[in-house]
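Okay, structure first, notes after.
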Amino acid sequence: MKTFKRLFILGSALLLWQCCNTDVKCGTYTSSGRGHFQSITIKSGGKAELVFMGSPSEVDYTVEDGKLKLMAAGQTQLLTITEDGCLDGGGFMGKYCLE
């Protein structure tokens, strides 16, 4: 019984790690070109970590209408969730894909 319980907990943790939301997966997204951020790490619980010029900061996020909304200090940044699962902020923001 203990083995089953451990496997269940491990399997649940892996499932949560793989999928934060039905539209966006948890993990570290990096720029596929010249992105504004070095990386965007999507975590469960509506939290994300942005790395800009080597400095990480934690922000809140939501997913709505095929867009990832990053919110911090009264500002909201929208990134479109593309068909290939990347996050596209357009021109200056750039595009980020899972590592």
Side-chain angles (χ1 to χ4, degrees):
M1 187 66 171
K2 286 184 180 183
T3 302
F4 176 76
K5 203 177 216 182
R6 288 180 184 160
L7 287 173
F8 179 77
I9 291 170
L10 178 62
S12 297
L14 287 173
L15 182 61
L16 287 174
W17 178 77
Q18 286 292 323
C19 184
C20 287
N21 183 292
T22 57
D23 296 318
V24 67
K25 290 185 179 179
C26 285
T28 300
Y29 292 76
T30 55
S31 175
S32 59
R34 293 187 336 212
H36 182 70
F37 300 111
Q38 288 172 272
S39 65
I40 301 171
T41 301
I42 304 298
K43 303 175 182 179
S44 61
K47 298 289 183 185
E49 181 181 282
L50 305 177
V51 178
F52 177 72
M53 296 182 70
S55 297
S57 62
E58 187 174 75
V59 300
D60 295 317
Y61 78 86
T62 60
V63 176
E64 189 176 309
D65 298 326
K67 297 192 184 306
L68 177 73
K69 295 181 181 185
L70 300 171
M71 299 160 290
Q75 300 281 332
T76 300
Q77 180 62 51
L78 294 175
L79 294 108
T80 301
I81 302 167
T82 63
E83 288 182 15
D84 59 358
C86 294
L87 307 173
D88 191 351
F92 178 68
M93 285 301 298
K95 186 174 180 179
Y96 304 85
C97 298
L98 273 173
E99 293 183 329

(message) So, taking the atom named CG in Leu79 and the one named OG1 in Thr82, what distance separates them when rounded to the nearest 0.5 Å?
(response) 10.5 Å

I'd like a table of donor-acceptor pairs (distance under 3.5 Å, sequence neighbours excluded) in which one partner is a side-chain atom from residues 86-99, with atom names and distances.
residue : atom : partner : partner atom : Å
Asp88   : OD1  : Gly90   : N            : 2.8
Tyr96   : OH   : His36   : N            : 2.9
Tyr96   : OH   : Phe37   : N            : 2.8
Tyr96   : OH   : Met93   : O            : 2.7

(request) Applying side chain to side chain contact (heavy atoms under 4.5 Å, CB included), name anything that partners Glu49, two or more places apart in sequence or on another chain. (result) Thr41, Lys43, Val51, Pro56

(request) Please report the C-alpha distance between Lys47 and Asp60 in whole Å, then the side-chain angles of each, then the deciding distance to 0.1 Å, and finally whether the side chain to side chain contact (heavy atoms under 4.5 Å, CB included) criterion is met. (result) CA-CA 5 Å; Lys47 298 289 183 185; Asp60 295 317; 2.6 Å; yes

(message) Give me the atom names and distance for the closest heavy-atom approach of Cys26 to Ser44.
(response) SG-N, 3.7 Å

Compile the donor-acceptor pairs under 3.5 Å between side chains in residues 62-78 and protein atoms, sequence neighbours left out, one pair per line.
residue : atom : partner : partner atom : Å
Glu64   : OE2  : Lys69   : NZ           : 3.4
Lys67   : NZ   : Thr80   : OG1          : 3.3

